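Bear in mind that the values here come from a model prediction, so they are computed numbers and not experimental data. Order of the sequence lines fixes the chain letters, A, B, ..., with proteins taken first and strands second; residue numbering starts at 1 for each chain.
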Amino acid sequence: MTQTLEQKINKKLQQTFEKLGLNPQYATVKTSDRPDLSDFQCNGALALAKSERKNPREIASQIAAELEQDQAFSKISVDGPGFINLSISDNLLSDVMEDMSQDERLGCEKTDAPKTVVLDFGAPNVAKDMHVGHLRSAVIGESIQRVERFIGNKVISDTHLGDWGTPMGMIISEIMLSHPDWPFFDDDKKDGFPDSLPYTVEDLTEIYKAANARCKEDESARQQARIITAKFQDGHPGYRALWQHLRRISVDAVKKNFDALDVHFDLWLGESDAHETCYKILDLAQEKGVSEKDDGALIIRLGESNKPKPPVILQKTDGGFTYHITDIATIKMRVDDLHADEIIYFTDKRQALHFEQVFEAAEKLGLVKNVKLQHIGFGTVNGPDGKPFKTRDGGVMKLEALIDLSKDKVKESVPTAEDIAKDFTSKEEAQHYIDNLVDEIAIAAIKFQDLKNNIASGYIFELDDFAKFDGKTGPYIQYAIARINSIMRKAATSNINEGKIVITTKEERDLALKLAQLNTIIWRTHQDKEPSIISDYAYTLAQTFSTFYNAASIMNAESAEVASSRLRLARLTRDVLKLLLYLLPREQFFILADTVGLKSVIQTGINRGIKIIATEGVGSISITAPRVIKVNTSTKFQTSKRHILNSVDQRQGANLNLTAAKGLNKAWFQIKLSVTELSFEGFFDLDTGLKFQITNIFKPSRFTIVIRKVIIIYLSIIRRYHRLNRHIGQRRIDHTGTDAGTKLNTVCSGRNTIIGSDVNILVSHEQLFHRPQAAFIIAVEQTGDIAVDINFGTDF
RNA sequence: GCGCUCUUAGCUCAGCAGGAUAGAGCAACAGCCUUCUAAGCUGUGGGUCGGGCGUUCGAAUCGCCCAGAGCGCGCCA
């Protein structure tokens, strides 16, 4: 078993503490809050100062002096009120990295006392649509399931179906109304019931809705449902047979849903399975003398007498069982049959009181002697108004509706099947590809939203933001993996091999230190049952890697040793990131990671907005136009001295008109084009690529037009072309319309300045992917009105 | 009425077994493509951590009070 860095340091510290006769309880380090001062810090001296009645700095100095002898530390200092700042030597760090990179478990500890952990999450109801709450429960539960398994616990996950209550009676009653002749409803029939039902899960939800509506307005229907519920729970053969079908149809559908989310259960038990045990609970309550009759119901009183809690109701006045007793019975079963050491529930935090009651009652019944019960409550998924996400008409947001909503959002930024048809053998195939893509992006994005925030706090579902690929998102993490994969591919072809890790730069050091935190992170996630710890770490690790990646080349390092070392570090980073994504669980993104070429272009061309920034004069106030302008349309702008006056939403053709107001001496338009976005607006011709054209600048003799960066774009494209070995985009630059009176505006002179009024560039789609942003700066000096038309399209 | 949770940058959120200069992402602004995927990197601006009192050498973090928001409270699950 390899030791993690933190463990190694703690061990050294403990020895020192013991040697000095100090309580080793405080001999722990944590990652430094001040990375400028040290790698790790120990606050033990501050804590000890109180009990030892000594000056904390004195204790700290004593410890520091002792540690000085150890070669493992490169720097030890006592700062502030008594922090011990420790920096470790590069040798130790590289040793730890070596261990980690050769360990299958990436240096992560496995528990030496495996426990049986029962996880209760998902909790769908038969014949009811799943809603966003189920989604959170499932995603969070699945993540914890994977973490627990990874650290070596035995996990039994149970979805705990809602398959037993009054809703069942309501549905049976509703079906009875429309098919009274069905054999299920023959009270005397004992067996030989039909072995299938002509219903789909959609039918069932419709039936439930109808039943619900009926019961809401009609007391006799309600009464009828209650009677049927009682008979059904009591074992009425026909109702039971019908119910079996209902349950199966629902479970099949729910399984499909969960599979799509990559959520899996060991057991599909439900409330029904606890029914028999409920009677045992009643006996047990009697035996322990903790229950009493109150208002006709059998209850257990909870809380202190001066501070009572709402009681648990074991049995209703009509003799029916409540979900209190069902949950208590389920605990008993999990303890007796599954030998659970821990039972963890993942539900909406609004159920916190319910579980408090159930746990306390279970305690009183003597069921929790050898088991730890825990309820992890999560916050609600909220809409833009900060309140629980509802459908437009105020109903509960269904899971499928949410996914559809997300898909629609994703579709906005993904090309249509027609756009990519040429890359596939048939249109159907293209459509299929796009549909899958939209599915995956949408679901992955939803899951990411669920896991990136602290689970207890709920979050606002930002439909506009969630499909973005920038910043703290899943794709960011994945992108780091993609880059590493790319490096490794290249390394393999250029015969560069991994080698011993040596620390030569700050960036390497930072990355290594970050990697060394893995074990702590996973164990903290286990302890807190908080997947966002992993998600957060994955993000910062990817960030640290990006900095490392940008700071120095891996393939072209100063020496072969450094290259080999960096390669190993990169590979280790990738392995860690993959593990983290697995634990989150977000494998979907891997589809993105290793793809190159057109499919990548499509997959990644999401939300690349077109920015239009018009700047007035030099050093003046910047004016920002509406952020995203779709260029299948024309948007008209007028600039004044301070701001754009109008953004007229008259869009036609592929023109973008910029108009400066009268009386301006100088006007600048800086137009940033996001090329991939264009490509998805129908101007993406797979054969000819995309053309930009800047044309029709009025009164060319009267002002200067400088366009720069165009050539830079072009050059970059050439480079990409050679590397990708794909067909080159053509390029044509015309200088028509330039006249002798044109003068160069030095302010924006670049090395590739073109003076002209017409520029055509043709770019191919592969290149667009790699060069998604192009910028033109058009500087205009004039006295009258200016208008610049920019055409985007393939047909000029 | 009783109870639970929350309030940190313009927005969405981290940080909370007390610790040294409160962090990210988005948005804004300025740079960076002849170099391993620019979905990126570097930098700038932006906060009296809802308010008050207390405990402490030291409080976003612990306690009390107040304000605001949300949620839950015996026969629905």
Side-chain angles (χ1 to χ4, degrees), chain A residues 33-34 36-37 41 43 46-47 49-50 56 79-83 85 123 125 128 162 164-167 271 294-299 301 307-318 320 322-324 326 348-354 356-357 377 379-380 382 386-388 452-454 456-460 462 465 468-473 475-476 478-480 482-491 494 532 536 539-540 543 546-547 549-551 553-556 566 570 592 596 600 603-608 622 624 627 676 712-713 715-716 718-720 723 769-773:
Chain A
D33 290 336
R34 293 285 303 270
D36 53 319
L37 295 178
Q41 66 185 74
N43 299 350
L46 290 163
K50 258 180 203 161
D79 300 288
F83 300 105
N85 276 318
N125 294 307
K128 275 200 207 167
W164 199 242
T166 319
E271 292 166 345
D294 193 84
D295 264 352
L298 192 67
I299 64 166
R301 292 202 190 277
K307 218 180 162 190
K309 253 185 230 168
V312 153
I313 296 181
L314 296 177
Q315 209 172 13
K316 296 185 282 188
T317 314
D318 65 5
T322 62
Y323 81 137
H324 278 131
T326 313
D348 191 312
K349 66 179 172 188
R350 284 177 289 195
Q351 293 197 44
L353 178 61
H354 165 73
E356 236 177 86
Q357 292 172 289
T380 48
N382 299 326
K387 296 188 174 166
K452 84 171 175 183
N453 295 327
N454 192 316
S457 58
Y459 62 90
I460 291 184
E462 298 272 6
D465 287 350
K468 280 193 180 169
F469 276 12
D470 307 328
K472 194 169 180 176
T473 59
Y476 178 92
Q478 198 204 353
Y479 185 56
R483 284 168 144 176
I484 299 169
N485 282 340
S486 176
I487 292 167
M488 288 176 60
R489 269 196 300 272
K490 279 179 212 291
S494 7
S532 71
D536 209 56
Y539 176 71
T540 50
Q543 212 170 30
S546 289
T547 303
Y549 172 92
N550 266 71
S553 175
I554 295 171
M555 302 286 291
N556 304 312
R566 286 183 185 158
L592 291 173
V596 212
S600 250
Q603 289 180 349
T604 59
I606 287 192
N607 266 9
R608 307 263 84 218
S622 78
T624 307
R627 231 177 56 68
T676 43
I712 298 174
I713 295 163
L715 288 175
S716 315
I718 296 291
R719 171 170 66 82
R720 298 291 180 185
R723 197 189 305 144
F769 163 53
H770 293 287
R771 202 78 10 208
Q773 285 188 336

Inset, instruction - Output yes if the stacking criterion (under 5.5 Å between centres, under 30° between planes) is met for Tyr539(A) over the base of A24(B), else no. - result: no
Inset, instruction - For G63(B) versus U56(B), give the span between their P atoms, rounded off to a whole number of Å. - result: 16 Å
Inset, instruction - Name the closest nucleotide to the Ile487(A) side chain, picking from G72(B), C36(B), C73(B). - result: C36(B)
Inset, instruction - Remember a base hit wins even if backbone is also touched, and classify Asn454(A) as base, sugar-phosphate or nothing at under 4.0 Å, heavy atoms. - result: sugar-phosphate
Legend entry - Interatomic distance where CG belongs to Asn382(A) and C1' belongs to C71(B) [whole Å]: 11 Å
Inset, instruction - With heavy atoms under 4.0 Å as the rule, sort Ser546(A) into base, sugar-phosphate or nothing. - result: sugar-phosphate
Inset, instruction - Scan every strand shown for a Watson-Crick or G-U wobble partner of G58(B), both distances under 3.5 Å, and answer none if you come up empty. - result: none
Inset, instruction - Using a heavy-atom cut-off of under 4.0 Å over every strand shown, decide if Thr547(A) touches base, sugar-phosphate, or nothing. - result: sugar-phosphate
Legend entry - Check: A22(B) base within 3.5 Å donor-acceptor of Asp33(A) side chain: no
Inset, instruction - Provide the Watson-Crick or G-U wobble partner of A20(B), both distances under 3.5 Å; none if there is no partner. - result: none
Inset, instruction - In whole angstrom, give the distance that lies between atom CG of Asn550(A) and atom P of A38(B). - result: 8 Å
Inset, instruction - Have a look at Ile554(A) and say if it touches a base, only the backbone sugar-phosphate, or nothing, with a 4.0 Å heavy-atom cut-off. - result: base
Inset, instruction - Looking only at non-hydrogen atoms, find the nearest pair between Tyr476(A) and Gln543(A) and report the distance. - result: OH-CA, 3.1 Å
Inset, instruction - Tell which nucleotide pairs with C49(B), taking only Watson-Crick or G-U wobble pairs whose two distances are both under 3.5 angstrom. - result: none
Inset, instruction - Check the chi torsion on C33(B) and let me know: syn if it falls within 90° of 0, anti if not. - result: syn
Inset, instruction - Check every strand shown and say whether Gly162(A) touches a base, only sugar-phosphate, or nothing at a heavy-atom separation below 4.0 Å. - result: nothing
Legend entry - Nearest non-hydrogen partners of Thr317(A) and Asp295(A), listed with the distance: OG1-O, 3.6 Å
Legend entry - Base partner of A67(B), which must satisfy Watson-Crick or wobble distances under 3.5 Å: U7(B)
Legend entry - Residue pair Met555(A) / Ile487(A): nearest heavy atoms and the distance that separates them: SD-O, 4.0 Å
Legend entry - Rounded C1' spacing from A59(B) to C16(B) in Å: 10 Å
Inset, instruction - Determine the contact category for Pro310(A): base if any of its heavy atoms lies under 4.0 Å from a base atom, sugar-phosphate if only primed atoms, P, OP1 or OP2 are that close, otherwise nothing. - result: sugar-phosphate
Inset, instruction - Considering only atom P, compute the distance from U44(B) to C4(B) and round it to an integer number of Å. - result: 44 Å
Inset, instruction - Using heavy atoms to find the nearest nucleotide of RNA chain B for Gln41(A) and Lys349(A) separately, return the residue whose nucleotide is more 5′. - result: Lys349(A)
Legend entry - Side chain of Asp79(A) - closest among A20(B), A77(B), C71(B): A20(B)
Legend entry - Between P of G19(B) and CG of Leu46(A), the distance in whole Å: 10 Å
Inset, instruction - For nucleotides G23(B) and G31(B), find the distance between their C1' atoms and express it as a whole number of Å. - result: 24 Å
Legend entry - Position toward the 5' end of RNA chain B (nearest nucleotide), Ala352(A) or Tyr549(A): Ala352(A)
Inset, instruction - Sort out the partner of U44(B) for me: Watson-Crick or G-U wobble, both distances under 3.5 Å, none otherwise. - result: A28(B)
Legend entry - Interatomic distance, Asp536(A) CG vs G15(B) C1' [rounded to whole Å]: 9 Å
Inset, instruction - Tell which nucleotide pairs with C76(B), taking only Watson-Crick or G-U wobble pairs whose two distances are both under 3.5 angstrom. - result: none
Legend entry - Value in whole Å for how far the P atom of C75(B) lies from CG of Asp295(A): 10 Å
Inset, instruction - Check whether any side-chain heavy atom of Asn43(A) sits under 4.5 Å from a side-chain heavy atom of Phe83(A), and report yes or no. - result: yes
Legend entry - A14(B): pairing nucleotide in any strand, Watson-Crick or G-U under 3.5 angstrom: none
Legend entry - Pairwise P distance, C49(B) and G43(B) [rounded to whole Å]: 26 Å
Legend entry - Atom-pair distance (CG on Asp348(A); P on U5(B)), nearest Å: 15 Å
Inset, instruction - Check the chi torsion on A17(B) and let me know: syn if it falls within 90° of 0, anti if not. - result: syn
Inset, instruction - Under 4.0 Å between any heavy atoms, over every strand shown, what does Glu271(A) touch: base, sugar-phosphate, or nothing? Just pick one. - result: sugar-phosphate
Inset, instruction - Please measure how far the C1' atom in G46(B) lies from the corresponding atom in U12(B), and state the result in whole Å. - result: 16 Å
Legend entry - Min side-chain heavy-atom separation Asp33(A)-Gln41(A) under 4.5 Å: yes
Legend entry - Donor/acceptor link under 3.5 angstrom from Ser486(A) side chain onto base of C36(B): no
Legend entry - Nucleotide nearest Leu353(A) when distance is taken to its side chain, options G72(B), G19(B), C75(B): G72(B)
Inset, instruction - Using a strict cut-off of less than 4.0 Å between a Lys/Arg side-chain nitrogen and an Asp/Glu carboxylate oxygen, indicate whether Lys452(A) and Asp536(A) qualify as a salt bridge. - result: no
Inset, instruction - Under 4.0 Å between any heavy atoms, over every strand shown, what does Lys472(A) touch: base, sugar-phosphate, or nothing? Just pick one. - result: sugar-phosphate
Legend entry - Nearest-angstrom distance, P atom, C57(B) to U48(B): 29 Å
Legend entry - Spacing between Glu356(A) atom CD and C71(B) atom C1', to the nearest angstrom: 14 Å
Legend entry - Nearest atoms (heavy-atom pairs only) where Ser532(A) meets Asn453(A): CB-O, 3.5 Å
Inset, instruction - Give one of base, sugar-phosphate or nothing for Leu37(A), where a contact means two heavy atoms less than 4.0 Å apart. - result: base
Inset, instruction - Could you work out the separation of C11(B) and G51(B) based on their P atoms and round it to a whole Å? - result: 15 Å
Inset, instruction - Please examine the side chains of Asp348(A) and Thr380(A), heavy atoms only from C-beta on, and report whether any two atoms are closer than 4.5 Å. - result: yes
Inset, instruction - Report which part of the nucleic acid Lys309(A) touches: base, sugar-phosphate, or nothing (heavy-atom distance under 4.0 Å, all strands). - result: nothing
Legend entry - Distance test, side-chain N/O of Thr322(A) to OP1/OP2 of C75(B), below 4.0 Å: no
Legend entry - Minimal non-hydrogen separation, Gly379(A) against Lys349(A), with atom names: CA-CE, 3.9 Å
Legend entry - Arg483(A) vs A38(B): side-chain N/O to OP1/OP2 distance below 4.0 Å: yes
Inset, instruction - Determine the interplanar angle of the His354(A) and His324(A) rings, folded into 0 to 90°, and report it as parallel if under 30°, tilted if 30 to 60°, perpendicular if over 60°. - result: parallel
Inset, instruction - Ignoring backbone atoms, test whether Lys452(A) places a side-chain nitrogen or oxygen under 4.0 Å from the OP1 or OP2 oxygen of C26(B). - result: no
Inset, instruction - Would you please confirm or rule out a distance under 4.0 Å between OP1 or OP2 of G25(B) and any side-chain N or O of Gln543(A)? - result: yes
Legend entry - C33(B): pairing nucleotide in any strand, Watson-Crick or G-U under 3.5 angstrom: none
Inset, instruction - Round to a whole Å and report the spacing from CG of Asn453(A) to C1' of G15(B). - result: 14 Å
